[in-house]
Every structure is written in structure tokens, then in C-alpha cells.
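Read the structure below first, then the notes.
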Amino acid sequence: MENTANAQNIQNVQDAQNKEGKEIDCKIFRAYLDILRELSKQLEQLAGLENRKLEAVRANEVKDVDDCIRQEQVISLSLRGLEQRRDKALKAMGLEGIRLSGLIECAPSELRWETIEVVGDLQARYRIYRSASSAARSGLERVLHQVDRMLAAEQQRNPTIQPVAARRNPRDLPEEPPVGGHGADFKA
């Protein structure tokens, strides 16, 4: 169904171009290809971070895992900005709803080969990122399961030990009045 919708969107764009007798503005399309190149670079960086994170997990380097996660968050913010720019460019070209796989058919004729290269590169880097991300997630899940088993075994040996989450449950804490004897009134 999604492919049918994409094919219909492509056909609508091509019909509009034929009706008006013009192609998409090459300057705007080139800017769009530049955005896709930036996305590709970001995905390459994310894939590298995922590989570093997996190595850190294997080496039990918690600080390195944390550093990778922080860097991923920074790149994620950058990706959001690129996605907004991408959407804006698609709208400016009248290509809203066109998936990446349908972009080649909508490209101006003089940019078709460049579009094929850029789209192919982006798709390849996305596959690499997904693979690296999946491996890192599996590694983290494996370590978390090991930690859970170790905690469960320790709890059986020493039943007085409570899991961290149980110790931090606010309902288990004694109720104390706020400093100064009164609470803040957030309704004001």
C-alpha cells in the first residue's frame, strides 16, 4: 500500500511537471541533494558511535558507553534539524509525500545520475547504521540480562538486599514536612 501511495505521488508530480512543461528547479534540487549528503554523513557518524559503543560494552567500559550515548543525542538533534530542512525543501519542490526511493524519477534530467549516487549512498549508510545499532542494542541487552541475573543471585544469597529501584520508591520514604513547615502553593 505504501509503495502504491509513493507511485501515485510520483505520478502526480510528473503529471504536474508535464502540464506546466517544466522540471523542478535545479538549484533547489541541488540544495536538497546537499541535505541528503549531510544526512549521509550523520548516519556514518552514528554508525561509528554504535560500533564504539559495542566495543565499550564488550570491554565493560561504562563511561565510554555513556559518552557514546551523549554524542548520539547531539547527532540526533542535528538530524532533527536536517529533517526539517529536508521537509521544507521537498515542499518547495512540490515533492511532499515522495519517498527517497521515488526521488530519482522526480529528479531533473541533468541531476539524475547525481541523484542516483546520493540516494544510493544514503541508503547504504542507513543499512550500515541499522546493522551497527542492532548489534550495539543486542550487546547492551545481553549485559543488562547478566546484571539482572547477578542481582537475583545476590538477592537469594542475601535477602536483606533490595534492588535499587525498591530503595528509591517514594512511597517507602518517611513523610517529612517541607523545610519551613509549609509547602509551596503552585496554584497561585
Side-chain angles (χ1 to χ4, degrees), residues 1-58 64-145:
M1 173 129 184
E2 202 171 295
N3 287 336
T4 306
N6 194 45
Q8 184 60 48
N9 287 338
I10 292 169
Q11 187 61 49
N12 291 343
V13 167
Q14 290 172 339
D15 289 346
Q17 288 172 348
N18 290 337
K19 192 178 201 180
E20 297 172 15
K22 64 175 185 166
E23 285 189 332
I24 296 171
D25 182 3
C26 286
K27 184 177 179 182
I28 296 173
F29 201 87
R30 273 197 179 93
Y32 181 75
L33 291 177
D34 288 341
I35 292 169
L36 295 182
R37 285 185 188 97
E38 289 180 56
L39 281 169
S40 188
K41 288 176 187 174
Q42 295 289 326
L43 287 173
E44 184 177 31
Q45 287 180 344
L46 279 173
L49 280 172
E50 292 295 340
N51 288 327
R52 272 187 45 213
K53 184 168 49 174
L54 179 59
E55 291 304 315
V57 166
R58 288 178 177 157
D64 290 345
V65 171
D66 189 50
D67 288 343
C68 288
I69 291 170
R70 289 175 198 267
Q71 290 175 23
E72 286 174 338
Q73 290 170 341
V74 170
I75 293 174
S76 292
L77 289 173
S78 175
L79 283 173
R80 281 190 210 129
L82 284 172
E83 189 63 23
Q84 290 172 349
R85 287 177 46 209
R86 190 182 75 79
D87 288 342
K88 195 175 190 178
L90 282 173
K91 187 174 184 175
M93 294 184 292
L95 297 177
E96 297 151 302
I98 300 294
R99 297 183 54 179
L100 193 59
S101 59
L103 187 64
I104 296 165
E105 295 177 47
C106 299
S109 55
E110 61 265 25
L111 296 176
R112 195 142 298 148
W113 285 110
E114 185 177 351
T115 303
I116 290 169
E117 290 174 15
V118 171
V119 167
D121 183 58
L122 182 58
Q123 289 172 331
R125 289 184 192 213
Y126 181 73
R127 283 190 299 274
I128 291 168
Y129 162 70
R130 293 280 300 192
S131 176
S133 176
S134 178
R137 184 176 45 255
S138 294
L140 281 169
E141 287 172 355
R142 217 174 9 261
V143 168
L144 289 173
H145 288 302

Quick one: does any side-chain atom of [X] pair with a main-chain N or O of [Y] as donor and acceptor, under 3.5 Å?
X      : Y      : value
Arg86  : Tyr32  : no
Thr115 : Leu111 : yes
Arg112 : Ala107 : yes

How about Arg130: does its CZ atom have over 12 heavy atoms from other parts shown lying under 6.0 Å from it? no
Give, for atom [atom1] of [X] and atom [atom2] of [Y], the distance between the pair rounded to the nearest 0.5 Å.
X      : Y      : atom1 : atom2 : answer
Leu122 : Tyr129 : CG    : OH    : 13.0 Å
Ile35  : Arg37  : CD1   : CZ    : 11.0 Å
Glu44  : Gln42  : CD    : CD    : 10.5 Å
Asp34  : Glu38  : CG    : CD    : 7.0 Å

So which heavy atom on [X] is nearest to which on [Y], and how close?
X      : Y      : result
Leu54  : Gly139 : CD1-CA, 4.2 Å
Ser40  : Asp121 : OG-OD2, 2.7 Å
Ala132 : Ala47  : CB-O, 3.9 Å

For Lys88 and Lys91: C-alpha separation, side-chain torsions, deciding distance, then whether side chain to side chain contact (heavy atoms under 4.5 Å, CB included) applies. CA-CA 5 Å; Lys88 195 175 190 178; Lys91 187 174 184 175; 5.8 Å; no
Evaluate the side chain to side chain contact (heavy atoms under 4.5 Å, CB included) criterion for residues Leu36 and Leu100: first the C-alpha distance (whole Å), next the side-chain angles of each, then the deciding distance (0.1 Å), finally the verdict. CA-CA 10 Å; Leu36 295 182; Leu100 193 59; 3.9 Å; yes
If you apply the rule side chain to side chain contact (heavy atoms under 4.5 Å, CB included), what do you find for Val119 with Gln123, and how did you get there? CA-CA 6 Å; Val119 167; Gln123 289 172 331; 3.8 Å; yes
Could you please spell out the steps behind the side chain to side chain contact (heavy atoms under 4.5 Å, CB included) verdict for Asp25 and Met93? CA-CA 7 Å; Asp25 182 3; Met93 294 184 292; over 6 Å; no
Below 4.5 Å, heavy atoms only, C-beta onward: do Glu50 and Glu72 meet side chain to side chain? yes
May I ask you to test the Leu140-Lys53 pair for a side-chain heavy-atom distance under 4.5 Å? yes
